[in-house]
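Written below as C-alpha cells is the structure these notes are about.
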Amino acid sequence: FADGPVPVTVLVAKLQALQNLLFHAAAAVKRDTSARRGVWVNRYREVAELSFAASHHSDLVVELEIATPATLGPDFDVAQKAVDLVFDLGQAIQSNPEGINVLDIRKDDRGFLLRAFESFMPNVLDDYRIELENCSPEAHPTLVFTGETRRSVREYLVRETTPTLSERMTIVGELIKIHVDVGPPKITVRQNSREIDCFYPDSMRDQIANLLAGSLVEV
C-alpha cells in the first residue's frame, strides 16, 4: 500500500489465502484425490503449515516458514515440492496463463490451486499489489500479483470450465457424480458405459444441489 498503512483485515485474509494455497499444493504433490471438505487440511498441517518468523515495515514484509527437514524427515520432500509447485504455477500465471496446461497437474488439482491463487491476489479494483518471494530466488523468482493478474486467472477458469460444443445435443443417462461448491461446477452422467461431464452455470446451482445420485437425468 503506497499511500497508507495496510488494513489488518486485508493482511489476515491474504495470509489465510496463502496458507490455503500451500495446503492445496501439498495435496496436489501427494496426488490426493479424496474430497477436500471439513478439516481436510489437517492431513497436511505437519508438512505445509506456515509459521510466523518475522515482519518488517517498509510497505509490509511478513516472513513465514515451513517446518525444518530435521522435524519432518522424509516428509520434508512433500513440503519442498509444494513450495516448488506454488512458484511454478505462479510463474505460469504471471507470464502466460495458457502455459498452465503444460505443468504436470491433475485437472481437479489445477482448479483448486487456481482458485486458491485467486483468493490470494488483490481484487480487480484494489490499488495494491502482493509480492511473493522465497529464500531461493534463483529457483523461485519473485511473483508479483495485481488486480489484473486476478482478472487473467478468472478468465482462464471461465474458459476451462465452459464447454464448447459444435452442435446442440441431448444426453440421457444415470447421474453418478455431482459437484457443488467443490471443483468445477459439473455433474457426471453415465450413458452406455461412458462417463460424460456436463457443466452448469451458477444460476442452476440450487437445482443441481437437489438432484439425487443414481437418478435418470436428461441434459
Side-chain angles (χ1 to χ4, degrees), residues 16-17 19-45 47-48 75 77-78 81-82 84-86 88-90 92-93 96-121 150-219:
Q16 182 62 54
Q19 178 63 83
N20 190 48
L21 172 60
L22 199 58
F23 282 143
H24 281 299
V29 167
K30 294 282 284 186
R31 303 281 181 173
D32 186 351
T33 59
S34 56
R36 297 183 196 178
R37 301 190 184 97
V39 291
W40 71 271
V41 298
N42 285 346
R43 299 196 294 269
Y44 297 100
R45 287 195 183 280
V47 298
D75 285 336
D77 186 53
V78 175
K81 286 181 178 178
D84 290 341
L85 179 57
V86 166
D88 289 346
L89 184 54
I93 290 170
N96 176 17
E98 300 308 320
I100 294 169
N101 295 324
V102 178
L103 299 175
D104 182 22
I105 308 173
R106 291 187 318 114
K107 185 175 181 180
D108 283 352
D109 283 329
R110 189 165 66 234
F112 282 124
L113 286 163
L114 289 175
R115 286 178 173 83
F117 257 116
E118 185 184 8
S119 297
F120 180 57
M121 297 171 184
R150 184 170 186 147
R151 188 197 303 275
S152 70
V153 170
R154 171 49 41 191
E155 290 173 351
Y156 175 87
L157 284 168
V158 169
R159 289 195 302 272
E160 281 288 288
T161 56
T162 301
T164 55
L165 297 175
S166 58
E167 61 183 24
R168 185 176 180 86
M169 58 190 299
T170 300
I171 299 168
V172 178
E174 179 190 3
L175 178 64
I176 62 171
K177 188 184 297 182
I178 304 172
H179 278 199
V180 177
D181 295 335
V182 56
K186 70 176 183 179
I187 62 173
T188 301
V189 177
R190 181 184 288 128
Q191 183 187 58
N192 299 327
S193 301
R194 181 185 175 197
E195 295 183 4
I196 305 169
D197 289 338
C198 306
F199 297 84
Y200 63 88
D202 191 58
S203 59
M204 293 185 64
R205 179 186 175 283
D206 291 344
Q207 181 180 344
I208 295 297
N210 287 317
L211 293 175
L212 294 176
S215 59
L216 194 65
V217 295
E218 178 178 339
V219 181

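Residue numbers start at 1 and run along the sequence shown.
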Any idea which heavy atoms bring [X] and [Y] closest together, and the distance?
{"X": "L103", "Y": "A92", "answer": "CD1-CB, 4.3 Å"}
{"X": "L114", "Y": "Y156", "answer": "CD1-CE2, 3.4 Å"}
{"X": "R150", "Y": "M121", "answer": "NH1-O, 2.9 Å"}
{"X": "V86", "Y": "A25", "answer": "CG2-CB, 3.7 Å"}
{"X": "A116", "Y": "N20", "answer": "CB-ND2, 4.2 Å"}
{"X": "L89", "Y": "I105", "answer": "CD1-CD1, 4.3 Å"}

As an exercise, state the distance from [atom1] of [X] to [atom2] of [Y], rounded to the nearest 0.5 Å.
{"X": "S215", "Y": "I178", "atom1": "OG", "atom2": "CD1", "value": "7.0 Å"}
{"X": "D32", "Y": "H24", "atom1": "CG", "atom2": "NE2", "value": "11.0 Å"}
{"X": "D206", "Y": "L211", "atom1": "CG", "atom2": "CG", "value": "11.0 Å"}
{"X": "C198", "Y": "H179", "atom1": "SG", "atom2": "NE2", "value": "12.5 Å"}
{"X": "F112", "Y": "L21", "atom1": "CZ", "atom2": "CG", "value": "13.0 Å"}
{"X": "Y44", "Y": "Q19", "atom1": "OH", "atom2": "CD", "value": "13.5 Å"}

Original post:
Pick one: which of V47, V78, D109 meets side-chain contact (heavy atoms from CB on, under 4.5 Å) with K30?
Top reply: V78
**OP:** Could you check whether the rings of F23 and W40 sit parallel, tilted or perpendicular, using 30° and 60° as the cut-offs?
**Re:** perpendicular
Subject >> Test item: side-chain donor near acceptor, T33 and R106, under 3.5 Å >> reply: no
Original post:
Below 4.0 angstrom, N of the basic side chain to O of the carboxylate: do D181 and R205 qualify?
Top reply: yes
**OP:** Apply the test salt bridge (Lys or Arg N to Asp or Glu O under 4.0 Å) to residues D88 and K81: give CA-CA distance (whole Å), side-chain angles for both, the deciding distance (0.1 Å), then the verdict.
**Re:** CA-CA 10 Å; D88 289 346; K81 286 181 178 178; over 6 Å; no
Original post:
So, E218 side chain and V172 main chain: donor-acceptor pair closer than 3.5 Å or not?
Top reply: no
Subject >> I176 side chain near V189 side chain, heavy-atom distance below 4.5 Å >> reply: no
Original post:
Any side-chain heavy atom of I196 within less than 4.5 Å of one from V219?
Top reply: no
**OP:** Sort and list the pairs that fulfil salt bridge (charged side-chain N to carboxylate O under 4.0 Å, His left out) and have at least one residue in residues 192-203, not counting sequence neighbours.
**Re:** K186-D197, R190-E195
